[in-house]
Structures are given as C-alpha cells and as structure tokens.
Amino acid sequence: MKIQIQQLIAQALESIASQGVVPVDQIPEPVIERTRDNRHGDFACNIAMVLAKIARSKPRDLAEKIIAALPPSELVAKVEIAGPGFINFYLGESAYHSLIPQIIAKGHDFGRSELGKGKRVQVEFVSANPTGPLHVGHGRGAAYGAVVADLLQAVGFDVHREYYVNDAGRQMDILATSVWLRYLELCDETLTFPVNGYKGDYVWDIAATLHRENGEAYKHSSEEVFRDVPADEPAGGDKEKHIDGLINSAKHLLGDNRYRFVFELGLNTILDDIRDDLSLFGVNYEEWYSERSLTESGAVNRTIERLRASGHLYENEGALWFRSTDFGDEKDRVVVRDNGQSTYFASDIAYHMDKLERGFERVIDVWGADHHGYVPRVKAALQALGDDPSKMDVLLVQFAILYRGGEKVQMSTRSGEFVTLRELRKEVGADAARFFYVMRKCEQHMDFDLDLAKSQSSDNPVYYVQYAHARVCSVLAQAAEKGINIDISEGAANLERLSEAHELALLTSLSRYPEVVESSAMNEEPHQLTQYLRELANEFHTYYNAHQFLVDDDALRDARIKLILAVRQVLRNGLGLVGVSAPERM
RNA sequence: GCCCCUGUAGCUCAGCAGGAUAGAGCAUCCGCCUCCUAAGCGGAAGGUCGUGCGUUCGAAUCGCGCCAGGGGCGCCA
C-alpha cells in the first residue's frame, strides 16, 4: 500500500518537475509515513516541506501543486494539506476491504517479498566454544540470530546460517584435559583439580562415559601426571602455566591416538548436546563450520602468507604481528605466537576471508557485546587482504540478566554456576524464551523476567498474542459446529459490510504487516515484529469484546469471519517468523 | 585513561536517516462475563525525554561537553 502511495507522489513530482516548478535532478525519493493519528489520514508525506527551499516557494503552495499533479487512484479517497505542509492521504474503505482476499490467497506468503533479490547473505551466530553447554547468554544470540536470518529470508535473501565451531585451540585442550582428570578420579586416583579446568557436571558425565566404555585403558597415576607440572595458583603458582603443564602431560602420557580419542569424545559429546539444544529451541543451521578445518586445509597459513606478501606483517619478540593500526585499530595484533602457534585471531581472519571467497555478498556476524573490540581488527584484516570490509556487519548483542522473584539470578561461568539454555527452556518453554529474547533491541541490556515469561496471563506478551490466534480458531470451530459455511473463494463479496471503527482499525494494522516485516528485516530489528504482533493482538481482542462475529445476518457474519481469518493468517505468519508456535487452543 | 552500549511515566520498554498533542505493557484507581475461551476489554491517573550548550522553520531524534549505569581494552578463546 505504502509503495503505491509512494509511486503516486513520484509521478506527481515528475510531472511538476517537467513544468519547471522544481529542478528535475534535485528531486529526492519521496518519504511516505504512516500517520500516527488517523485524523491525519492514513499516510502522510513531507515532500513539500523538504522541497520548499529548492523550489523557492511556500511548503503549502508547493503541496497544492503536487496534489494537483497526482494521478487518479482507486486507493485514495481524499488528499489534504495539513499543518506546515504535510500532504495527507485518506484511503477509501474498499482499499482495505480488498486486502482480505489478498491475505487469504497468499496465506503463508503474505508479508514475504522479493526485496533481497536472491542476494546471498551469510548469518553466523551463537558459535559458542564447545567446551560446555549453552547458557542463557548464548540463548539471546541464538534467538536473535535465528529471527534475523528468517526475516532476511522472508524478504527474499538467500540466507546461509552458520555456526563456527571452535574445535581447535587451547580451550579445547583444557576441556580434554579436564575430562581426563575427572576420568582419573573415577579410576580412584587422588588429585587436585586445576583452578583453570572445566568444573561443570557435564565434564564428570563425559569422564564417566570414557570410564564405562574403556575401563582403565586411559589410566595413569596422578603422580605421573603431575610430575614436572608447575604449581597451580592456590599453591602459589600460575594457573595458566599449571594447566598448560597438565595438557602437555596428557598429550605425552596418552600419546597422539589416545589423546585424540579423549579430545574427540569431549568435543563430540558437547557439540551433540549443543545441536540438540538449539534444534529444540527452533534454531537450525545450514552449516557447522569447523575451525580445525581451516588449519588442516591450510587456509590459515594461506591467509598469513597473503598478509605477509602484502607487507602487513612484521616480527617482534619472536611473534608475528599484523599491523592493524594501519587500518584504524588501536594496536597491532599477534597472528603467530612466539611458540609457533597461530592465534585465534589468525583463524578468524582466515574464516572471514573464506566467507567472502565463498561468494556471500553480505556477511552478518552476531556476537556478544563483550567482543566489540574485535570488530576493528577483523575488518582491518579484510581490508588488508583487499576485501571490502563493508560487506561484513557485526551485530552486537548485549547481555541478558535473569530475574526471578524480583531478584537478580547470579551467574558465574568460572565456577560452572550458570543457568543453561536447556534449563531456561524447561522453565519457561521455548516459545516464551524465543519471544522474550527478541522483544528488545539487541543493543539494549535486557532484564529477563522469568516469572513473567512463565505466567499464563495476559501480562505475558507471548500468551497474549498466542491467545488471539487461539481465539480465532475457537470462533471458527464454533462456526463449524453450527454448520456455517465459509466460502473464501468469493473474494471481496460482503466485505463492504465491514465498516465498524474496530474493523477498519484491524484492517489498517493488517495492511501494515508487510511493511513491518520489511523494516524488521532491513534493520535487523526483530523487536519491531514482536511489538507489531502485540498491537495486532490487542486490536483483535478489542474487536472480539466489542462485537459478536457469529451473528444471524449471513452477509455480515461472512464478512467478519473472513476478516478474522485474515487476522489469524497474519498472526500465524508473524509468530512463525519469531519462531513461536501458534496454538489452536489454549 | 581509551573504546562500545544504555539513560524516555513508579517498573520494563517502544519511538531516534528531525516533523503535527511523546506511546505501550505492568503496577495504582474505577468499570465490563445469563453472550463466539475474562489467558480478554474499556476508562482514569502518571513524563521539564539524564544534563548543559549548539545546528534549524522545527530536536526525545543530529553535534559537542558533562553526569550516571553496564561491558570491553592479553603472544585468552
């Protein structure tokens, strides 16, 4: 609808430009807005005010000329000049009535568009290290990334969802070593667990599997394991050196094959758990991209060579540095450590280079806000490699703080005391969790009220919207019981009977849906959609309370049923995009 | 110290490529089920948009300073 109005204005502008009222080359794209107040009509355009200076005439005079030049349209019932020079459009009721058969005919596709023209977009999100189960912090990134991806797909982008699996590096070695130490404890070895090891119960579980299936095949005495290992922090040593020593012990005592086995067991167990967890959360990927594969395929080395060849690397104190300050970073960064190991950053550059090499026109990374410092250096690297860093967008998601009974839920990753995503799903359900996570702008610090998410009342926005859907279904079931035939093939027949203020308000909201989807997608702001769904549900509930649908007047009843069918369709489509179910009964 | 995010009603938040009287939900108060699910609806009350300048016809929205809260600044991942 908005587009049609925009076209009318554009034509009018062309026409007055050809009359020489304004210079042809200075006509901006006309901006059409929904009016905030329906006394100002349905749409408003401020073009006359914008152009007044250029045309050297008063906004209201200019507006008059534009209106005179407007081509006739069936949509528009009335056009007025208001205030300082707004051009207000009033649509005819028939414009809204004709929307209903459109929505019903398009069904699931109503609101979808081809705006993205099939452009390939990659969305990488969550990508948590597989060193433990996902926690509620990852949940927000998961929900947000998933909805952004779905929205982009809905407006016609070719979307590729990806999880970057950090299956290499020191953290994974720490996990493998933690598992092994727990295993040794299960073999009745006595030892002091390292401060820096992973202490969660899931580590015990993996160790138990190792023990159950392999007996004592991986056993070594703790004395042997801890021999020559530098002291841990509580013993006056350095916790980093201590854990590195233990990793070396593990590699040395177990040998390549057995160490690899423990390592893989840990990795696979956790990764399977993460996959399962996300899938139950309605989050699915086209690809799980292995970091290790970047090293194994030589991509990391290739990247480093390319950087070296283009003169962006230098050596200092035994390490290899990338001169990221040349591209606006605040300091240079190490890509290869003095021990010869490439850094996580080196893999990251290789990964992002690979993304662009795979031909994505746009690459979106959803990161936790704590990673914001990495943005300049990754972009710097892409630039150094001759790629276009503007193809990469990083969406930073702020943390969520859980509240239960009005109290902050304390969490600490270090001690292993965090609320997992799985626990959250169990407590409030996947629907509520998904909806709550995307209800707020991603850069907004979020207070997640567990009690509210659980409450089965209209206070809970998820139930509120779902209930509207269920209510429509209930009315339709009621109609079926009474043997009322709903013939949706009749197009706009009887729809002229919809003239109540509540009905027109609902129709206006329905007409906004495609605009909301487009705006949510293009701005990566799912909260616009949840906000809209709440408004639509509210208008439906109001209508429901004010009018009876299953009335004796056949034509009126038919029109009303068609209207609520359209409402149901839009609620269903919108909830679908958020990843929330649309129950038929509650 | 530097960088990022945030500051709008008692609480949680919308609104921010400048535009017409700043919105919603919760909480508070007053009403509405012999009628399609009251998991619902209506009404009232509630705000110098953190603060000071500036840009302009017009600023919650843009710029700069200041104040307050959160996060980040490793040869960690």
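Protein chains get the first letters and strands the later ones, always in sequence-line order, with residue 1 at the start of each.
Distances from the side chain of A/Val475 to the nucleotides B/rC36, B/rG19, B/rC5 place B/rC36 closest. Taking every side-chain heavy atom of A/Gln398 into account, B/rC5 is the closest of B/rU12, B/rG15, B/rC5. Considering only the side chain of A/His372, B/rG72 comes nearest among B/rG72, B/rA14, B/rU6. Considering only side-chain atoms of A/Tyr544, the nucleotide from B/rA38, B/rC2, B/rC75 that sits closest is B/rA38. The side chain of A/His541 lies closest to B/rC41 when the candidates are B/rG15, B/rA39, B/rC41. With B/rG19, B/rG71, B/rC35 as the candidates, the nucleotide lying closest to the side chain of A/Gln548 is B/rC35. Closest to the A/Ala319 side chain, of the nucleotides B/rC75, B/rU37, B/rA20, is B/rC75. In the set B/rC41, B/rG70, B/rG72, the nucleotide with an atom closest to the side chain of A/Thr542 is B/rC41. Closest approach to the A/Glu330 side chain among B/rC2, B/rC36, B/rG71 is made by B/rC2 (side chain taken as heavy atoms from C-beta onward). Closest contact between the side chain of A/Lys441 and the listed nucleotides B/rC5, B/rG15, B/rC41 involves B/rG15.
Using atom P as the reference point in both B/rG47 and B/rU8, the two lie 15 Å apart (nearest Å). For the C1' atoms, the distance linking B/rG23 with B/rG63 amounts to 27 Å, nearest Å. Nucleotides B/rG71 and B/rG54 are separated by 30 Å at their C1' atoms, to the nearest Å.
Using cut-offs of 30° and 60° for the angle between ring planes, the A/Tyr344 and A/Tyr164 rings count as perpendicular. Note on ring orientation: taking the six-membered ring where Trp is involved, the planes of A/Tyr543 and A/Phe540 are perpendicular (angle over 60°, cut-offs 30° and 60°).
Nucleotide B/rC41 is matched to B/rG31 when pairs are restricted to Watson-Crick or G-U wobble geometry with both distances under 3.5 angstrom. Across all strands shown, nothing is found opposite B/rG58 as a Watson-Crick or G-U wobble partner with both distances under 3.5 Å. The partner of B/rG74 cannot be assigned: no Watson-Crick or G-U wobble pair with both contacts below 3.5 Å exists in any strand. Figure legend. B/rA22 is base-paired to no nucleotide; pairs are counted as Watson-Crick or G-U wobble with both atom distances under 3.5 Å. With both pairing distances under 3.5 Å, B/rC64 is matched to B/rG52 as a Watson-Crick or G-U wobble pair. Remark: B/rG47 base-pairs with no nucleotide; criterion is Watson-Crick or G-U wobble with both hydrogen-bond distances under 3.5 Å.
Inter-residue side-chain proximity for A/Leu402 and A/Val419 is flagged as met; some heavy-atom pair is nearer than 4.5 Å.
In this model, the phosphate group of B/rA38 is approached by a side-chain N or O of A/Arg471 to a distance below 4.0 Å at OP1 or OP2. Phosphate contact (OP1/OP2 of B/rC75, side-chain N/O of A/Thr343, threshold under 4.0 Å): absent.
By the stacking rule of 5.5 Å between ring centres and under 30° between planes, A/Phe399 does not stack on the base of B/rG70.
Base orientation for B/rC67: anti, the chi torsion being more than 90° from 0. Applying the 90° criterion around 0 to the glycosidic angle, B/rA17 comes out syn.
Annotation: A/Tyr144 is not in aromatic contact with A/Phe125 [ring centroid separation under 6.0 Å not met].
Where A/Gly373 and A/Gln171 each meet RNA chain B at their nearest nucleotide, the meeting point lying more 5' is that of A/Gly373. Comparing A/Asn46 and A/Gln341 along RNA chain B, the residue whose closest nucleotide (by nearest heavy atom) sits nearer the 5' end is A/Asn46.
The main-chain N or O of A/Phe322 is never found under 3.5 Å from a side-chain atom of A/Arg333 such that the two would form a donor-acceptor pair.
A side-chain N or O of A/Arg471 and one of A/His541 form a donor-acceptor pair less than 3.5 Å apart.
Between the side chain of A/Asn88 and the base of B/rA20, a donor-acceptor pair under 3.5 Å is found.
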